[in-house]
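A quick write-up on the structure given underneath.
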Amino acid sequence: MGLIRTCLFNWAYARHAGGSFVFRIEDTDQERDSEDSYKMIVQALKWLGLDWDEGAEIGGPHAPYRQSQRLDIYKTVVEKLLESGFAYKSFSTPEEIQARNEAAGRPKQMGYDGFDRNLTPAQIEEFEASGRKPSIRLRMPNDDITFTDLVRGAVTFKAGSIPDFVVVRANGQPLYTLVNPVDDALMEINYILRGEDLLSSTSRQIALYNALLELGIAKTMPKFGHLPYVMGEGNKKLSKRDPESNLFLHRENGMIPEGLLNYLALLGWSIAPDRDVFTVDELIKEFEPGSVLANPAKFDAKKCTAINAEHIRRLDADDFKQRVVPYLYGNISEPLLELDLIKQLQSSEPEMPHLTAHKPLTSSDEYDELTDHERRVLDLGAPLIQERIRLLGQAREMLGFLLVDSDALEYEDDALDQVKKISGAREVVQKALELLETVQQDAFTAANLHDKLNQLLVVECGLKPRVAFTPLRVAISGRRVSPPLFESMEILRKLQVVVRLKKFISTPSLII
RNA sequence: GCCCCCAUCGUCUAGCGGCCUAGGACUCUGCCCUUUCACGGCAGCAACACGGAUUCGAAUUCCGUUGGGGGUACCA
């Protein structure tokens with residue numbers, strides 16, 4: 001979630017300012033990077049609609065955009081850094097550095113001591129002759145480093161507080177510390193919004209950047225803005241392992257991109273004092289990094305869902321219907337979900353609905369592959385639930401009873417509890433059944449059913465509407481909560497309604 | 001140890017010296033609407049971490065304290 005929020009703000013500001021949004025993959029750590037995680041990121045951005053103007057997948061003027069494919073470039077830059085003296089070869093191993101620090105009585109947390117800063121050519125030759133491979137370090141300048149953070153204002157790092165840092169491993173692999181500023185320079189990045197975990201390392205990057213500037217590799221120093229963390233439970237940064245941070249789980253649950261993006265934008269930013277529901281277009285129009293708050297925000301699933309609900313209600317009716325399709329049977333599997341990585345992340349299985357699914361759907365736009373019955377349920381049912389659900393996943397709870405065979409309908413416990421509080425529930429259903437059997441299918445409309453049942457049960461029998469209709473709802477839906485009763489009956493049609501009422505009356509477990 | 005960042009209701013935030021007996025949203029509670037649920041409407045609970053300083057006046061400026069977070073890696 002944190003990464004998405006960061007991405008969203010970058011994207012929004014690029015769109016706001018008329019710039020381009022560049023999507024680069026920083027995969028310099030072979031140990032950790034995988035093709036799966038790459039695919040997942042691409043898939044996530046596409047689903048969210050965060051499109052990019054140049055970068056991975058689509059190319060652009062600064063290709064390639066995966067750092068694993070830019071190794072030659074880094075090699076050239078490093079040579080220049082070395083020649084000009086901005087960087088130097090360092091033969092000290094971490095163990096040696098620590099040993100020297102301890103011997104000199106410095107705290108063991110102390111970092112690199114600058115031992116190799118001024119090795120003579122002869123010393124370097126000697127080390128190399130002995131078979132030692134150097135790492136390469138950047139020579140930190142002896143001045144304070146100050147920059148103006150887009151969200152925090154002026155930030156100053158004291159001179160001498162940052163040791164010379166490694167930019168290339170002894171094995172020749174360039175590190176993020178080198179590669180990130182180099183690519184920013186080469187790709188002419190001028191605005192960078194990133195996580196606050198990178199705030200401290202900005203001092204090092206600026207030092208490197210200054211060297212690149214002098215070498216003519218960089219044209220201008222980019223502006224940095226460090227976004228606060230998105231926190232999880234406790235007061236810890238939301239980690240990749242937290243289910244709440246898993247985009248695909250949110251999608252499974254039925255968050256829609258509009259809702260998620262809106263909620264995420266609310267973390268550290270606000271569009272107006274008295275409003276918190278807005279579209280991405282409105283976000284783009286108003287967003288400025290300068291108005292982002294500097295303090296961390298906690299991810300609140302309840303509010304996130306509430307915002308999502310607002311966006312579901314705003315959906316065009318037809319759009320809503322289409323989006324519900326993949327959730328009808330609680331399965332929105334896509335090829336991506338076959339990835340092992342996703343499977344791991346989703347080890348906490350979303351609970352399956354009570355209804356017995358007869359077939360899984362495989363993608364989000366298979367409305368046409370629905371059966372006639374399913375399509376009818378959706379066409380008529382979707383408008384009834386659009387105001388009632390907060391997550392698309394709840395569609396299956398709301399419409400499931402309309403899709404399931406009457407024999408397979410199960411009564412939920414809390415629905416039965418409700419019925420049991422009503423004495424004479426069985427008689428009510430019996431009366432309704434007798435009445436409905438006289439109604440022709442072509443008169444089996446919500447309005448007509450409402451009139452007739454109301455007349456019989458409420459007016460003639462003097463029952464409270466609650467007493468009259470609760471047993472009927474449970475009889476046809478098996479649930480305490482359902483779409484409106486009469487509309488549901490109309491969708492079900494006379495035959496099924498009759499079958500269900502009979503089933504209810506004759507179910508022995510319903511001792512009423 | 002050293003360096004850096006942060007601090008308003010439970011949560012997200014508005015507030016950029018007087019409009020603040022601190023506003024909105026989510027959550028929660030009560031009520032209304034209602035065939036259930038939801039929507040909608042109304043009401044309520046609930047916050048400026050602490051201490052100094054500046055000022056006629058401070059949530060808003062400055063300093064300090066406390067508390068949280070990050071960096072200090074041949075991770076990103």
Look at the side chain of [X] and decide which nucleotide, out of [options], has an atom nearest to it.
X      : options             : result
A:F486 : B:U27, B:C37, B:U35 : B:U35
A:K158 : B:U36, B:C4, B:U11  : B:C4
A:D197 : B:C26, B:A76, B:A38 : B:A76
A:E487 : B:A14, B:U27, B:U35 : B:U35
A:S200 : B:U72, B:U36, B:C4  : B:C4
A:N295 : B:A7, B:U27, B:C12  : B:A7
A:P273 : B:A14, B:C12, B:G40 : B:A14
A:A297 : B:G40, B:G1, B:U13  : B:U13
A:V481 : B:C3, B:U36, B:A25  : B:U36
A:K302 : B:G24, B:U27, B:U36 : B:U27

Could you tell me the Watson-Crick or G-U partner of [N], where both distances fall under 3.5 Å? Say none if there is no partner.
N     : result
B:G67 : B:C6
B:G40 : B:C32
B:A59 : none

Over how many whole Å does the gap from [X] atom [atom1] to [N] atom [atom2] extend?
X      : N     : atom1 : atom2 : result
A:Q205 : B:U72 : CD    : P     : 12 Å
A:Q67  : B:A76 : CD    : P     : 9 Å
A:I389 : B:U36 : CD1   : C1'   : 17 Å
A:H226 : B:G69 : NE2   : C1'   : 15 Å
A:K303 : B:G10 : NZ    : P     : 15 Å
A:E196 : B:G71 : CD    : C1'   : 11 Å
A:L138 : B:A73 : CG    : P     : 15 Å
A:D27  : B:C75 : CG    : C1'   : 14 Å

Counting the atoms with a prime plus P, OP1 and OP2 as sugar-phosphate, which does [X] contact under 4.0 Å by heavy atoms, base, sugar-phosphate, or nothing?
X      : answer
A:P465 : sugar-phosphate
A:S161 : sugar-phosphate
A:T28  : sugar-phosphate
A:S270 : sugar-phosphate
A:G268 : sugar-phosphate
A:T156 : sugar-phosphate
A:P228 : nothing
A:L293 : sugar-phosphate
A:Y263 : nothing

Is there a side-chain contact between [X] and [Y], using heavy atoms and a 4.5 Å cut-off?
X      : Y      : answer
A:F486 : A:L453 : yes
A:F287 : A:V280 : no
A:L198 : A:H226 : yes

Does anything in residues 140-155 of chain A come within less than 4.0 Å of RNA chain B? Heavy atoms only, and list the residues if so.
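RNA chain B contact set from residues 140-155 of chain A: A:R152, A:V155.
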Listed in order of residue number, which residues of residues 167-180 of chain A have a non-hydrogen atom at under 4.0 Å from RNA chain B?
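Those residues are A:R169, A:A170, A:L175, A:Y176.
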Inter-nucleotide [atom1] distance ([N], [M]), Å rounded:
N     : M     : atom1 : result
B:G24 : B:C31 : P     : 23 Å
B:C6  : B:A46 : P     : 31 Å
B:C75 : B:G68 : P     : 30 Å
B:C63 : B:A47 : C1'   : 24 Å
B:A58 : B:C19 : C1'   : 15 Å
B:G69 : B:A22 : C1'   : 27 Å

With a 3.5 Å cut-off and heavy atoms only, can you find an N or O donor on one side and an acceptor on the other between the side chain of A:S201 and the base of B:G71?
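Side chain to base: no pair below 3.5 Å.
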Any N or O donor-acceptor pair under 3.5 Å from the base of B:U35 to the side chain of A:R473?
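Flag set: donor-acceptor pair detected.
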For A:F115, does the six-membered ring have the charged nitrogen or CZ of A:R100 within the cation-pi criterion, i.e. under 6.0 angstrom from the centroid and within 45° of the normal?
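Pair A:R100/A:F115 counts as cation-pi.
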Considering non-hydrogen atoms only, spot the tightest contact between A:S239 and A:S245 and give its length.
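Shortest heavy-atom separation between A:S239 and A:S245 comes out as O-OG, 2.7 Å.
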Between A:T177 (side chain only) and A:V166 (backbone N and O only), is there a donor and an acceptor less than 3.5 Å apart?
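Yes, the answer is positive, given that a donor and an acceptor are paired below the 3.5 Å cut-off.
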Which residue pairs pass the ring pair (Phe, Tyr, Trp, His ring centres under 6.0 Å) test when at least one of the two sits in residues 293-316 of chain A, sequence neighbours left out?
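Output for this query lists A:H250-A:F299, A:Y263-A:F299.
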When you match A:L199 and A:S482 each to their closest nucleotide on RNA chain B, which lands nearer the 5' end?
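Result of the comparison: A:L199.
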Could you say whether A:Y112 or A:L266 is positioned toward the 5' end of RNA chain B, judged by the nucleotide with the nearest heavy atom to each?
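Nearer the 5' end of the strand: A:L266.
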Those residues that, when tested against A:Q455, pass side-chain contact (heavy atoms from CB on, under 4.5 Å) (two or more places apart):
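Per chain and number, A:Q455 pairs via side-chain contact (heavy atoms from CB on, under 4.5 Å) with A:V459, A:E460.
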Geometric class of the A:F127/A:F91 ring pair [parallel <30°, tilted 30-60°, perpendicular >60°]:
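Ring orientation, 0 to 90° scale: parallel.
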By salt bridge (charged side-chain N to carboxylate O under 4.0 Å, His left out), which residues pair with A:D149, not counting sequence neighbours?
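With sequence neighbours excluded, A:D149 shows a salt bridge (charged side-chain N to carboxylate O under 4.0 Å, His left out) to no residue whatsoever.
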Quick check for you: to the nearest 0.5 Å, what is the distance between A:F224 atom CZ and A:F147 atom CZ?
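It comes to 7.0 Å.
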A:Q386 side, atom CD; A:R323 side, atom CZ - distance, nearest 0.5 Å
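One finds 10.0 Å between CD of A:Q386 and CZ of A:R323.
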Using salt bridge (charged side-chain N to carboxylate O under 4.0 Å, His left out) as the criterion, point out the one residue from A:K223, A:R194, A:R24 that pairs with A:D184.
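The residue from A:K223, A:R194, A:R24 that satisfies salt bridge (charged side-chain N to carboxylate O under 4.0 Å, His left out) with A:D184 turns out to be A:R24.
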Contact under 4.0 Å: A:R479 side-chain N or O vs B:U35 OP1/OP2
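Result: no.
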Are OP1 or OP2 of B:C74 and a side-chain N or O of A:R137 less than 4.0 angstrom apart?
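It does, given that an N or O in the side chain of A:R137 lies less than 4.0 Å from OP1 or OP2 of B:C74.
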Filter on salt bridge (Lys or Arg N to Asp or Glu O under 4.0 Å), then keep only pairs touching residues 155-176 of chain A, sequence neighbours left out; what's left?
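Residue pairs passing salt bridge (Lys or Arg N to Asp or Glu O under 4.0 Å), neighbours aside: A:R117-A:D164.
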